[in-house]
Structures are given as structure tokens and as C-alpha cells.
Amino acid sequence: MLAGLFNKLTGSTSVPAIEHDELVRAHQQRSCVIVDVREPHEFQSGHIPGAVNHPLSRFDPDNLVHDKPVVLICQAGGRSATALRRALSAGRQDIRHYAGGMSRWRAHGGPVA
């Protein structure tokens, strides 16, 4: 499901994003890896359960997992979009970001660890 969405969005001139409902399904099905690019103190203050922390200040697309699609998240979408552009420039195609970030996730009542 998520892989098909990623394939449809490949080549788009806009910043590839995942919608809230799609992220909820992917998270529940564990069909993606959620990478939080906020700084460690922000991550520790609350993150999507199961997310891993790769702060934008030290972000290296080569350190991302390669066995599942990746969804990037930050607080409001700006840093995850920056990380996404870096990853796309490095050749990753199975990667998107969640526009609105943790602010949007919390507003929709998403679980927070």
C-alpha cells in the first residue's frame, strides 16, 4: 500500500508528503519506518511510538534504513522537508515527509510516547 503511494509520487515536482490517514495506517501496519528529525531534547519530550531519532543537525541519508519506506517528521514540517530533499538528492526514492509534523499528529489525537 505505502510502497504503491511512494511509486505514484516519485518524480513529482512538489515535496512528496504523506497524508495523516495514510501515516496512521502505515504506522499501525508497521509498513514504514518513522524518522523524527527533531533534536534529541525535542524527541524526548514526545514522539510517535516506534519512531527513531535522526536529528537534522546530523542528518545523513546514508544512515536511514533501506528495508522499508521511510517517513520523516519534525515539529511543523520544515525540517522534515529539508531532510527529505537531502535524501532525494542522495538517490532515495522510498521516502516522504509528514507535513504539519508532531503539531498536526497531536492535533489529530495521534499517540505520543
With the side chain counted from C-beta on, respond yes when [X] and [Y] share a heavy-atom pair under 4.5 Å apart, and no when they do not.
{"X": "S31", "Y": "K68", "value": "no"}
{"X": "H66", "Y": "R92", "value": "yes"}
{"X": "P55", "Y": "P40", "value": "yes"}

SB check E42 R79 (cutoff 4.0 Å): yes

When you check the gap from the basic side-chain N to the acidic O, do E19 and R104 get nearer than 4.0 Å? yes

Please round to the nearest 0.5 Å and tell me the distance separating atom [atom1] of [X] and atom [atom2] of [Y].
{"X": "H97", "Y": "I34", "atom1": "NE2", "atom2": "CD1", "result": "14.0 Å"}
{"X": "I73", "Y": "R38", "atom1": "CD1", "atom2": "CZ", "result": "7.0 Å"}
{"X": "F59", "Y": "L84", "atom1": "CZ", "atom2": "CG", "result": "8.0 Å"}
{"X": "I48", "Y": "D36", "atom1": "CD1", "atom2": "CG", "result": "7.5 Å"}
{"X": "H27", "Y": "I18", "atom1": "NE2", "atom2": "CD1", "result": "11.5 Å"}

Can you pull the side chain to side chain donor-acceptor pair (under 3.5 Å) pairs that have at least one residue in residues 46-65, sequence neighbours excluded?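 Side chain to side chain donor-acceptor pair (under 3.5 Å) check on residues 46-65 returns E39-S57.
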
Atom of [X], atom of [Y] and distance for their closest heavy-atom approach:
{"X": "S80", "Y": "C74", "result": "N-SG, 3.3 Å"}
{"X": "L72", "Y": "V37", "result": "CD2-CG1, 4.2 Å"}
{"X": "V112", "Y": "G46", "result": "CG1-CA, 3.5 Å"}

Looking only at atom types and distance, does a side-chain atom of W105 sit under 3.5 Å from a main-chain N or O of G100, one as donor and one as acceptor? no

Residues R96, L23; criterion side chain to side chain contact (heavy atoms under 4.5 Å, CB included); working and verdict: CA-CA 10 Å; R96 299 296 175 259; L23 178 56; over 6 Å; no

Treat each ILVMFWY residue as a node, draw an edge where side-chain heavy atoms are under 4.5 Å apart, and state whether L88 and L64 are in one component. yes

